[in-house]
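In what follows, a structure is listed as structure tokens, so that the remarks can point back to it.
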Amino acid sequence: MCDDQGRPVCLHLTSEQVSDFKGADVLQADLPDKTEEIIGDRGYNSYRIRLLLAERTITACIPPKKNRNSKPPYDWHLYKKRHLIENMFAKLKDWRRVATRYDRCAHTFMSAIHIAASFIFYLKE
């Protein structure tokens, strides 16, 4: 998860075969109270995520999947800001240790990600 400037704020590591929306529950619990809107890709399009966000009065800007019967509306102009999270991942992958995953243990790999994210957060490019 990143803030409105594209800086990493909250990170969660899942196993490789886990769907995106299963890790979203952990990230939603860590959202600050002043969060007004969430931008996500089609992988986060589920009734449960939308319901949890609606309970906290957070606007969900998530495009519906192509095969969904009832397609909820989303703000296309707000969705264009999703490039910030993609840029954050690109900056994380600039760190060779993160991009190639040298570490076998998940906790060691997550430590490397946190070090890289700390540098990205405090270095203003």
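To the nearest 0.5 angstrom, F121 atom CZ is 4.0 Å from R7 atom CZ. Summarising the geometry, atom CZ belonging to R50 is positioned 12.0 Å from atom CD1 belonging to I38; distances are rounded to the nearest 0.5 Å. Once rounded to the nearest 0.5 Å, the distance linking CE of M1 with CD1 of I85 reads 8.5 Å. Distance check, rounded to the nearest 0.5 Å: CG of L53 to SG of C61 gives 11.5 Å. Between I113 atom CD1 and R101 atom CZ the span is 7.5 Å, to the nearest 0.5 Å. Note that the CD atom of Q28 and the NE2 atom of H12 stand 12.0 Å from one another [nearest 0.5 Å].
Crowding of R48 atom CZ: a count of heavy atoms from other residues, nucleotides or ligands under 6.0 Å not exceeding 12. Crowding of E36 atom CD: a count of heavy atoms from other residues, nucleotides or ligands under 6.0 Å not exceeding 12. Around NZ of K93, the count of heavy atoms belonging to other residues, nucleotides or ligands within 6.0 Å does not exceed 12.
The minimum heavy-atom distance between C2 and M88, with the atom names listed, is CB-SD, 3.7 Å. Of all heavy-atom pairs between Y79 and G40, the closest is CE1-O, 3.2 Å. When every heavy atom of D30 is checked against every heavy atom of C10, the shortest pair comes out as OD2-SG, 3.6 Å. Looking at every heavy atom in both residues, S70 comes nearest to P72 through O-CD, 3.1 Å. The shortest non-hydrogen separation linking I62 to I49 is CD1-CG2, 4.3 Å. Minimum heavy-atom separation, R42 to K65: O-CE, 3.4 Å.
Two different hydrophobic clusters hold L11 and L84 under the rule that ILVMFWY side chains link at heavy-atom gaps under 4.5 Å. Hydrophobic clustering (side-chain heavy atoms under 4.5 Å, transitive across Ile, Leu, Val, Met, Phe, Trp, Tyr) groups L78 together with Y74. Residues I58 and L27 are members of one and the same hydrophobic cluster, defined by side-chain heavy-atom contacts under 4.5 angstrom among Ile, Leu, Val, Met, Phe, Trp and Tyr. Two different hydrophobic clusters hold V9 and Y122 under the rule that ILVMFWY side chains link at heavy-atom gaps under 4.5 Å.
Inter-residue side-chain proximity for P63 and W76 is flagged as unmet; no heavy-atom pair is nearer than 4.5 Å.
Side-chain N or O atoms of D75 include one that pairs as donor or acceptor with a backbone N or O of H77 at under 3.5 Å. The main-chain N or O of T35 is never found under 3.5 Å from a side-chain atom of R56 such that the two would form a donor-acceptor pair.
Between W95 and F119, the angle of the ring planes lies from 30° to 60°, which puts this pair in the tilted group.
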